[in-house]
There are 2 protein chains.
Amino acid sequence: MEVAIQKDTKQSILDIAEDLLHQKGYNAFSYKDIAVALGIKNASIHYYFPSKEDLGEAVVLYAFEKLKKLQEKAQAKNLSPPEELDFFLSIYQHYLEKKLKIGLIGTLAVNFAAIPEKMQIAGQKITQTCIAWLQSILEKGRASQTLRFEGDSFAQALLILASLEGALQIARLTDNQHFYQIVGQLRNSLILSITI
Amino acid sequence: MEVAIQKDTKQSILDIAEDLLHQKGYNAFSYKDIAVALGIKNASIHYYFPSKEDLGEAVVLYAFEKLKKLQEKAQAKNLSPPEELDFFLSIYQHYLEKKLKIGLIGTLAVNFAAIPEKMQIAGQKITQTCIAWLQSILEKGRASQTLRFEGDSFAQALLILASLEGALQIARLTDNQHFYQIVGQLRNSLILSITI
DNA sequence: GTCTATAGCAGGATAGAC
DNA sequence: GTCTATCCTGCTATAGAC
């Protein structure tokens with residue numbers, strides 16, 4: 001069984017569309033953008049995704065699957081709560097560095113009134129999954145006395161997620177360095193054990 | 001000097017465009033949206049704002065002026081640091097309740113690659129003004145021992161601003177209640193004196 | 001200042017050849 | 001599966017009457 005040298009077209013479309021969704025938002029990217037990036041014609045994209053709504057939904061579901069796989073991966077590693085928190089933070093750091101500086105929740109929320117309903121629903125599921133994941137990390141950290149926070153773990157999970165989405169946006173408007181400062185401030189307030 | 005019963009048209013256009021920018025993002029709203037909301041024809045809007053870029057820039061500058069007036073108003077009141085912080089938080093609460101759930105920084109950042117350069121620059125100025133304002137509140141609070149936080153006041157200001165922008169977005173995707181939970185968690189960590 | 005009419009363009013989408 | 005060609009729609013923008 002050989003490794004395919006060329007990613008199959010449908011997969012490539014999803015990857016590019018996902019990048020564009022982060023970069024420009026749902027309304028600002030077009031089939032043509034994808035076609036140009038892929039070196040095909042935009043009619044070909046309609047073969048895989050008949051309408052833009054189909055594509056939009058597929059992209060968010062695809063991102064959802066990736067998120068769940070990351071979560072499984074983290075759990076398989078049996079990380080300490082601070083390590084698992086850093087794993088989560090690294091997802092956002094990845095957005096900053098490789099992709100183009102906006103989280104999925106942010107892009108979906110900002111254009112919420114202008115995206116198809118199925119994207120809205122998928123976006124809600126992703127958000128809930130992130131919140132639940134963070135909450136579980138916080139609970140484990142509190143029980144093992146490796147993470148410190150006051151009050152409700154759910155509210156603290158919301159605060160962390162909100163900070164990360166906002167951090168990417170501030171970074172895009174001003175300076176990437178600001179993202180790292182926000183994450184540093186967050187980590188300092190949360191992590192008890194001396195980890196760099 | 002009588003109060004004008006009907007706001008002048010240019011002002012109304014700005015107000016509606018600002019709402020739409022928060023609601024749908026720059027690319028997703030059209031001259032027609034404004035025209036319908038105002039009961040005029042879209043050609044009339046071009047009389048006041050020849051191009052959409054002009055309108056977009058004017059909206060952000062308008063928001064910038066309002067922000068600065070709010071800041072002056074807060075300073076004229078001689079508020080305590082916790083009160084001034086709550087004043088700032090109330091701006092975001094206002095977005096949640098009256099406007100449609102997204103901050104200006106968020107909408108500009110998400111659509112950054114798709115907005116005219118003048119809007120980008122104006123958005124950067126607004127962001128810097130917010131950061132500086134928050135930082136000044138934090139510094140005063142630390143000096144008077146009414147606000148508690150660790151580390152750099154600039155980084156903490158960034159964290160607060162990011163949290164608020166993100167909080168609106170999570171609220172839009174899930175539940176308004178989540179906004180209040182995030183703000184509550186933030187306030188609990190910051191405010192030392194017993195205020196409800 | 002506001003209107004009607006229309007130009008010009010771009011994006012989503014479909015039909016049909018290959 | 002990918003192409004060319006084309007349709008339709010919606011948007012920005014302009015010209016010119018009133």
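To find a chain, count down the sequence lines: A is the first, B the second, and so on, and within it residues start at 1.
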Between [N] ([atom2]) and [X] ([atom1]): distance, integer Å:
{"X": "B/Tyr26", "N": "D/dC11", "atom1": "OH", "atom2": "P", "value": "14 Å"}
{"X": "A/Asp54", "N": "C/dG12", "atom1": "CG", "atom2": "C1'", "value": "12 Å"}
{"X": "A/Lys52", "N": "C/dA10", "atom1": "NZ", "atom2": "C1'", "value": "12 Å"}
{"X": "B/Ile34", "N": "D/dT12", "atom1": "CD1", "atom2": "C1'", "value": "12 Å"}
{"X": "A/His46", "N": "D/dT2", "atom1": "NE2", "atom2": "P", "value": "14 Å"}
{"X": "B/Leu55", "N": "D/dC11", "atom1": "CG", "atom2": "C1'", "value": "14 Å"}
{"X": "A/Ile45", "N": "C/dG12", "atom1": "CD1", "atom2": "P", "value": "9 Å"}

Flag this pair as yes if the NZ/CZ of [X] is under 6.0 angstrom from the six-membered ring centre of [Y] and inside a 45 degree cone about the axis; otherwise no.
{"X": "B/Lys98", "Y": "B/Tyr95", "answer": "no"}
{"X": "B/Lys10", "Y": "B/Phe49", "answer": "yes"}
{"X": "B/Lys41", "Y": "B/Tyr31", "answer": "no"}
{"X": "B/Lys52", "Y": "B/Phe29", "answer": "yes"}
{"X": "A/Lys68", "Y": "A/Phe64", "answer": "yes"}

- Just call it for B/Phe49: base, sugar-phosphate, or nothing, with non-hydrogen atoms closer than 4.0 Å on any strand. nothing

Between [X] and [N], does any side-chain N or O lie under 4.0 Å from OP1 or OP2?
{"X": "A/Ser44", "N": "D/dC3", "value": "yes"}
{"X": "B/Tyr48", "N": "C/dT2", "value": "yes"}
{"X": "B/Lys41", "N": "C/dT2", "value": "no"}
{"X": "A/Tyr31", "N": "C/dG11", "value": "no"}
{"X": "A/Thr9", "N": "D/dG1", "value": "no"}

- Side chain of B/Ser30 - closest among D/dC3, D/dC11, D/dA13: D/dC11

- Message: Let's see if you can work this out: which of C/dG12, C/dT2, D/dC3 has an atom nearest to the side-chain heavy atoms of B/Tyr47?
- Response: C/dT2

